[in-house]
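Values reported hereafter were calculated over all heavy atoms of this structure, with side chains retained and with hydrogens, waters and symmetry mates removed. The sequence lines fix the lettering, A, B, ..., with proteins before strands; numbering per chain opens at 1.
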Protein chains: 2
Amino acid sequence: MTETETTDTSAGTCAGPPQGNRRPDGADTYTISEVAALTGLTAHTLRWYERIGLMPHIDRSHTGQRRYSNRDLDWLALVGKLRLTGMPVADMVRYAELVRSGDHTYTERFELLKQTREDVLSRIAELQDTLAVLDRKISFYADAGRAPASERAR
Amino acid sequence: MTETETTDTSAGTCAGPPQGNRRPDGADTYTISEVAALTGLTAHTLRWYERIGLMPHIDRSHTGQRRYSNRDLDWLALVGKLRLTGMPVADMVRYAELVRSGDHTYTERFELLKQTREDVLSRIAELQDTLAVLDRKISFYADAGRAPASERAR
DNA sequence: CGCTTGCTTGGAGTGCACTCCAGCGTTCTA
DNA sequence: TAGAACGCTGGAGTGCACTCCAAGCAAGCG
C-alpha cells in the first residue's frame, strides 16, 4: 500500500467540529494527511479540489510537497459548509475564482452569498415541511401499533 | 422526437406544491405524462422508479399502458419529500419493500421513519449552522463595501 | 389510410463528485 | 543507512441518480 488515506471512521453521523488542534498562526504548516485528518476529506479529494480550482494556491515545500496553512483550513471549513448546503462544486469554484481575481469582485461575491443564504433558507423550509410529514406518519404508526390494518399505511 | 418529456421550466427555484388538479377518488386514473406534470418528475424517472422497485405495482390499461391512481400520487409525494432530505434511493426502495411485504413490517417501518426523522433534524441543524457562517460573511461584505482591503475576505 | 402523438421496452449513456492506481520520489524512525 | 510510511502526478474507474435511445405498438384525426 503506497498511501493510507484515512480509513474513514470519523465522519459517522455527526461530523462534529473538526477544528480541534490547529497550530498557532506563524507556525501553521500542515501536510496533506494532517489536513485530511482535520477536515474529514481524503487526501485524494484535497488534491482534486486543487486541480479543479477550488483551492487557492497551496504552498509547497522545497521538494514540492503541499504545505497547508491555517488560512487554507479556514477556506476548507467554508467549503465544507457550502458543500452541505448542496451547492454544486462548480459554483464554489466560481466563488473561489472571484476571490482570486481580487477586490473588485466584492459586490459579485456579496450577491452570491446572499443568493446562497436564500437557498439555505428555502432548503430549511423544505426540510421542516418534510419533518411535518414524517411526524404525521410516525404518529400514525405509533397509534396503529399492530392493530387491524383498517387503514393501510404507506 | 418520439417522446416530449416535460421541457422542464417548472422546477425553477421553489418547486411549489404540485398537488394541484387531482381527479376524485374512483375516477383517478392518470397517464404517465400526467403524473410527470403533476410531480415534476420525468416519465423516464417514473419508469425507472418502477424498475428499481420504488413503486408499488402500477395498474395497466388493456394495451399495457400505465394508469396511475391517487394512491400512487400520494406515494410519489412521500418519495419526493424523502428525496429532498437526501435519503438515498436504495433506502427508499427498502421502505417500499417493507410496505409491500405486509403488516408484519410495521415496527421496522416505524424505526426507519424515526431514524429518518433524526437525520432530518440534524441536517436542519447543520444548515442553521451554515446560515450563521453565511450571515457573518455577508455582514462582513456589507460593512467592508469597497473599503481598503485591510482584512482580505474569502 | 396515413400521420402525429403518446406509450412501451431493454439497454446504453451522462454528469457529478469523488476515488483509486501505478510508478515514482521524499521524509521519518530505529 | 535501511526500510517503512508518506507524498507526487496524470489518467482511469466508481457509484449514484437519473437520462436518453431505438424500434415498435396503439389511439385519435382529417
Polar atom pairs between nucleotides 1-4 of chain C and protein, under 3.5 Å, N or O only, would you list them?
none

Figure out the [atom1]/[atom2] separation between [X] and [N], and round it to whole Å.
X: A:Y30; N: C:dT27; atom1: OH; atom2: C1'; answer: 20 Å
X: A:R51; N: D:dA12; atom1: CZ; atom2: P; answer: 11 Å
X: A:L46; N: D:dC6; atom1: CG; atom2: P; answer: 16 Å
X: B:I52; N: C:dG10; atom1: CD1; atom2: P; answer: 15 Å
X: B:Q65; N: C:dT8; atom1: CD; atom2: P; answer: 6 Å
X: A:R66; N: D:dG7; atom1: CZ; atom2: C1'; answer: 8 Å
X: A:E50; N: D:dT9; atom1: CD; atom2: C1'; answer: 12 Å

Think [X] has a side-chain N or O under 4.0 angstrom from the OP1 or OP2 of [N]?
X: A:R47; N: C:dC21; result: no
X: A:T63; N: D:dC8; result: no
X: B:H62; N: D:dA27; result: yes
X: A:T31; N: D:dG7; result: yes

Subject >> Least distance between heavy atoms, B:L127 atom then A:V120 atom >> reply: O-CG1, 3.8 Å

Original post:
Any side-chain donor paired with an acceptor under 3.5 Å for A:S69 and A:D72?
Top reply: yes

Original post:
Looking only at side chains, do B:N70 and B:Y30 share a donor and an acceptor under 3.5 Å apart?
Top reply: yes

Using atom names, set out every protein N or O paired with an N or O of nucleotides 15-18 of chain C below 3.5 Å, distance rounded to 0.1 Å.
{"unit_1": "C:dA17", "atom_1": "OP1", "unit_2": "A:V89", "atom_2": "N", "d": "3.3"}
{"unit_1": "C:dC18", "atom_1": "OP1", "unit_2": "A:R83", "atom_2": "NH1", "d": "3.4"}
{"unit_1": "C:dC18", "atom_1": "OP2", "unit_2": "A:Y49", "atom_2": "OH", "d": "3.4"}

Subject >> Selection from D:dC20, C:dT27, C:dT8 that lies nearest to any side-chain heavy atom of B:H44 >> reply: D:dC20

Original post:
The side chain of A:S33 lies closest to which of these nucleotides: C:dG11, D:dC6, D:dC8?
Top reply: D:dC6

For the residue pair [X] and [Y], establish whether any side-chain heavy-atom pair is separated by less than 4.5 Å.
X: B:Q115; Y: B:D91; answer: no
X: A:L46; Y: A:L76; answer: yes
X: B:T29; Y: B:D59; answer: no

Original post:
Should the pair A:D135-B:R117 be classified as a salt bridge under the 4.0 Å nitrogen-to-oxygen rule?
Top reply: yes

Original post:
Just checking A:R67: base, sugar-phosphate only, or nothing, at a heavy-atom cut-off of under 4.0 Å?
Top reply: nothing

Original post:
Which of parallel (below 30°), tilted (30 to 60°) and perpendicular (above 60°) describes A:Y106 and B:Y141?
Top reply: perpendicular

**OP:** Walk me through it: do A:R47 and A:E50 pass the test salt bridge (Lys or Arg N to Asp or Glu O under 4.0 Å)?
**Re:** CA-CA 5 Å; A:R47 286 189 283 255; A:E50 205 175 324; over 6 Å; no

